[in-house]
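This report refers to the structure that appears directly beneath it.
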Number of protein chains: 2
Amino acid sequence: MPHKLDESLLISLPPFSKLERSQIREILDQSAARRYEADQSVFSEGDTADRFFMLLDGYIRVIRLTPEGEQVISLHIPSGQLFGIAKAIGRESYPATAMTAAESIVLSWPTRLWDDFLGKYDGFATETYKTVGARVGEMNNRIMEMATLHVEQRVANALLRLINQTGRKIDGGIEIDFPITRQNISEMTGTTLHTVSRLLSAWQKQGIVESQRKRIMVRDAHRLVELSQAGH
Amino acid sequence: MPHKLDESLLISLPPFSKLERSQIREILDQSAARRYEADQSVFSEGDTADRFFMLLDGYIRVIRLTPEGEQVISLHIPSGQLFGIAKAIGRESYPATAMTAAESIVLSWPTRLWDDFLGKYDGFATETYKTVGARVGEMNNRIMEMATLHVEQRVANALLRLINQTGRKIDGGIEIDFPITRQNISEMTGTTLHTVSRLLSAWQKQGIVESQRKRIMVRDAHRLVELSQAGH
DNA sequence: TTCGGAGTTTGCGGCTGCGCAAAGTCCGAG
DNA sequence: CTCGGACTTTGCGCAGCCGCAAACTCCGAA
C-alpha cells in the first residue's frame, strides 16, 4: 500500500547527509515510498532492473536460491542505504532477491531518472558507487571467511557483523533488533540450523550470548571476537 | 621495464570494440604499457588506488591474504578486461592484490584521467561499470558455491570456470593455458592442496582430467559438469 | 651431472560438522 | 483453552576432509 512519505524520515540519512535538502526533495517528487511487513519480497532475482531502492526504515535481507531450493543470505542491509542498484553497474536484471527482515519502509524510483540525476547531482552518483564499493568489500571478506574459517568462527563473525550493523544496546549486552532464526544464521554462514543451535547453546552456557526464539543478544562481545579469530 | 605499446594489441579487445579507434589512442597517449613476468605483483592490497589497469595479454590472479598469511584467490582475470578499478566504485585503496598468473602485458593510467573520460566517452564509463557488475555476479556465485557445495563440487566448478574463461582447445580436451598448481586450486576453493591432489588423481584414473605439474587438461568436461552438480 | 627446491602423491588417524531423528517449547489462531 | 505449526534443542553415528608425515618426481641452476 503506497503512501505519502513522511518527510521527517529523510533528515540526515547517513550516506546522503551532504546532499542539499532541496535536491532530495526533487528526487522524492518522482518516487514512491512503501511499507512492507516482515518477510516480504521487494524484488526477485531475475526481475528486470528498472528501479532503484533506498531503505528508509527496517532491514533488508539479500538472498539467493540454489537450484535445489536452498537459501543463501548474501547480505543484510540496514536502514539509510541504497539497494537494488543493479542497473548502475550495467546489469539488466537483479542478481538476487531482496526480502524484508522486519517491517520496513522502502523508497524507490525508476532507473530512467538515473540519467537526469547523473548530470545534476554529482554527490548522488558518487554515493551510489561508494555503496557498490562497500558491498564489494563485504563480499570479498565473506569469501575469505568461508574459504579459511571453521564453522564456529564463521558463526561468531556473523553475529558480530549483525550486532555491529544492526545492534541495539540493552542492559548487559547488545541485541540484534530484528527477528532472526537459527535457520537464518545457518543461511548466512553456510552451515545447518542444528550446528548453529548447538553453538548458541554452548555459548549461552558460557554466558557469551543469550537467546530466545527469534531473538539473540550478545552479552560478551569480546569473547565472541576471540572465538571469531582463527585461533585454530 | 616500461616500453611503448604495440598498437596491434588493441584491435578488437572484447569490452572495447565499440569505442572508436581514435578514442582509444587518446587514452593511450596518457598511459603506459608494461610487461610482467609470471607471479609478479601489479598492485597490492591497501595501496592507494591511483591507477586503472587493463590487461592486454596474460592472466591476472586477484588474491587476498588472511591475517595468518593464508592466500585466497578471489578471481582470475583473462586478457582484454579492466581491473584495479577500485577508484571507480569509491574506494581509496585497492581491496586486494593483483598478481600475474602468467607473462602479461598491462596497460595502466592515472585515475585522475577518469574524470576527463567520463564526460567525453560515455561508452567508457558504461563498460567500466559493466565490468563491476560482472565481477559482483561472479563473487555472488562464489559465495553461494562455498556455502552450499562440497569440496569435490567446488573443485569441479573451479576447473570448469578456468577452462571456460581461459581454456585452450587441444586434441582430445581443453587445457588451462597458464601454469596452475594444486595449491592454487586449493586457494580458489577453500580446501587443501592435498585434497585437490587426491581429487585430481581420482579423476585422472576415470579419464576425466589429465595433469602434469602446473598443467591441467580436461578430457571429459561433461563428466566434470555432472560432478559439479549438487548430486546427493 | 649433480644437487636442491618446488611441486605432487599417498597413507593414516582423527575430528569437525552433517544427517537423521525425536522430543521439547513457544506462540498465535480459533 | 486447546490445538497445530514454527522454532529449537539434543543425541547418536558416520564420513568427508584436514593435519601430519614421508616419499617421489620433475626441473633448473651451478
Side-chain angles (χ1 to χ4, degrees), chain A residues 37-39 66 68-72 101 145-159 176 178-206 209-217 227-228 230-232, chain B residues 37-39 66 68-73 101-102 145-159 176 178-206 209-217 227-228 230-232:
Chain A
E37 305 295 313
D39 293 312
T66 68
E68 287 75 34
E70 270 184 290
Q71 270 195 20
V72 176
E145 246 180 48
M146 304 260 304
T148 61
L149 299 187
H150 288 191
V151 167
E152 183 178 40
Q153 299 162 342
R154 299 208 301 267
V155 173
N157 268 305
L159 281 190
I176 298 168
F178 61 87
I180 187 161
T181 66
R182 313 290 186 261
Q183 171 82 13
N184 287 330
I185 295 181
S186 76
E187 287 163 356
M188 297 174 59
T189 51
T191 179
T192 63
L193 79 159
H194 306 278
T195 300
V196 172
S197 179
R198 279 181 249 267
L199 285 172
L200 288 181
S201 296
W203 291 346
Q204 181 138 352
K205 273 173 199 145
Q206 298 172 54
V209 303
E210 195 163 320
S211 65
Q212 299 94 46
R213 69 165 28 195
K214 288 197 170 202
R215 290 180 89 223
I216 299 176
M217 67 194 82
L227 287 172
S228 75
H232 182 47
Chain B
E37 305 295 313
D39 293 312
T66 68
E68 287 74 36
E70 271 183 290
Q71 270 195 20
V72 176
I73 298 180
E145 244 179 50
M146 303 260 303
T148 61
L149 299 187
H150 289 189
V151 167
E152 183 178 44
Q153 299 162 342
R154 299 208 301 266
V155 173
N157 268 305
L159 282 190
I176 297 168
F178 61 87
I180 187 160
T181 66
R182 311 292 186 258
Q183 172 82 13
N184 287 330
I185 296 181
S186 75
E187 287 163 355
M188 297 174 59
T189 51
T191 180
T192 63
L193 79 158
H194 307 279
T195 299
V196 172
S197 179
R198 278 181 250 268
L199 285 172
L200 288 181
S201 295
W203 291 345
Q204 180 139 354
K205 272 172 199 146
Q206 299 171 54
V209 304
E210 195 163 323
S211 66
Q212 298 94 48
R213 69 166 27 197
K214 289 199 172 202
R215 290 180 90 223
I216 299 176
M217 67 194 82
L227 288 172
S228 74
H232 165 69

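Here the structure is a predicted model, which is why all the values come from computation and not from measurement. Here is how names work: the chains are called A, B, and so on, in the same order as the sequence lines, proteins then strands, and each is numbered from 1.
Between the CD atom of E68(B) and the P atom of dG19(D) there is a distance of 12 Å, rounded to whole Å. As rounded to whole Å, 10 Å separates atom C1' of dT9(C) from atom CG of L193(B). Rounded to a whole Å, the CE atom of M146(A) is 16 Å from the C1' atom of dC17(D). Across the protein-nucleic acid pair, Q153(B) atom CD and dG16(D) atom P stand 11 Å apart, rounded to whole Å. One atom, CD of Q212(B), and another, C1' of dC24(D), lie 16 Å apart when rounded to the nearest Å. When rounded to the nearest whole Å, the span between CZ of R215(A) and C1' of dA6(D) equals 18 Å. Across the protein-nucleic acid pair, I180(B) atom CD1 and dT8(C) atom C1' stand 15 Å apart, rounded to whole Å. Rounded to whole angstrom, the span from the CG atom of N184(B) across to the P atom of dA6(C) amounts to 15 Å.
The side-chain heavy atoms of H194(B) and S186(B), taken from C-beta on, include no pair separated by under 4.5 Å. Looking at heavy atoms from C-beta onward, I176(A) lies out of side-chain contact with R215(A) at the 4.5 angstrom threshold. Counting only heavy atoms from C-beta outward, the side chains of V155(A) and W203(A) approach each other to under 4.5 Å.
No engagement by L200(A) is indicated, since no non-hydrogen atom pair under 4.0 Å with the nucleic acid exists.
Under 3.5 Å, the side chains of S211(B) and R182(B) contain a donor-acceptor pair of N or O atoms. Judged by distance alone, the side chains of T181(A) and R213(A) never bring a donor and an acceptor atom under 3.5 Å apart.
For the pair Q71(B) (side chain) and E187(B) (backbone), a donor-acceptor distance under 3.5 Å is absent. No donor-acceptor pair closer than 3.5 Å links the side chain of N184(B) to the backbone N or O of I180(B). Formation of a donor-acceptor pair under 3.5 Å by the S197(A) side chain with backbone atoms of L193(A) is not found in this model. Distance alone, capped at 3.5 Å, places no donor-acceptor pair between the T191(A) side chain and the T195(A) backbone.
Side-chain nitrogen and oxygen atoms of S201(B) include none within less than 4.0 Å of the OP1 or OP2 phosphate oxygen of dT8(C). Contact annotation: T181(A) side-chain N/O to dC7(D) OP1/OP2 distance is not under 4.0 Å.
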Nucleotides 20-30 of chain C: protein proximity per nucleotide (B base, S sugar-phosphate only, - neither; heavy atom, under 4.0 Å): BB---BBS---
Polar atoms only, N or O, under 3.5 Å: list the protein pairs with nucleotides 15-17 of chain C and their distances.
unit_1, atom_1, unit_2, atom_2, d
dG17(C), OP1, V151(A), N, 2.9

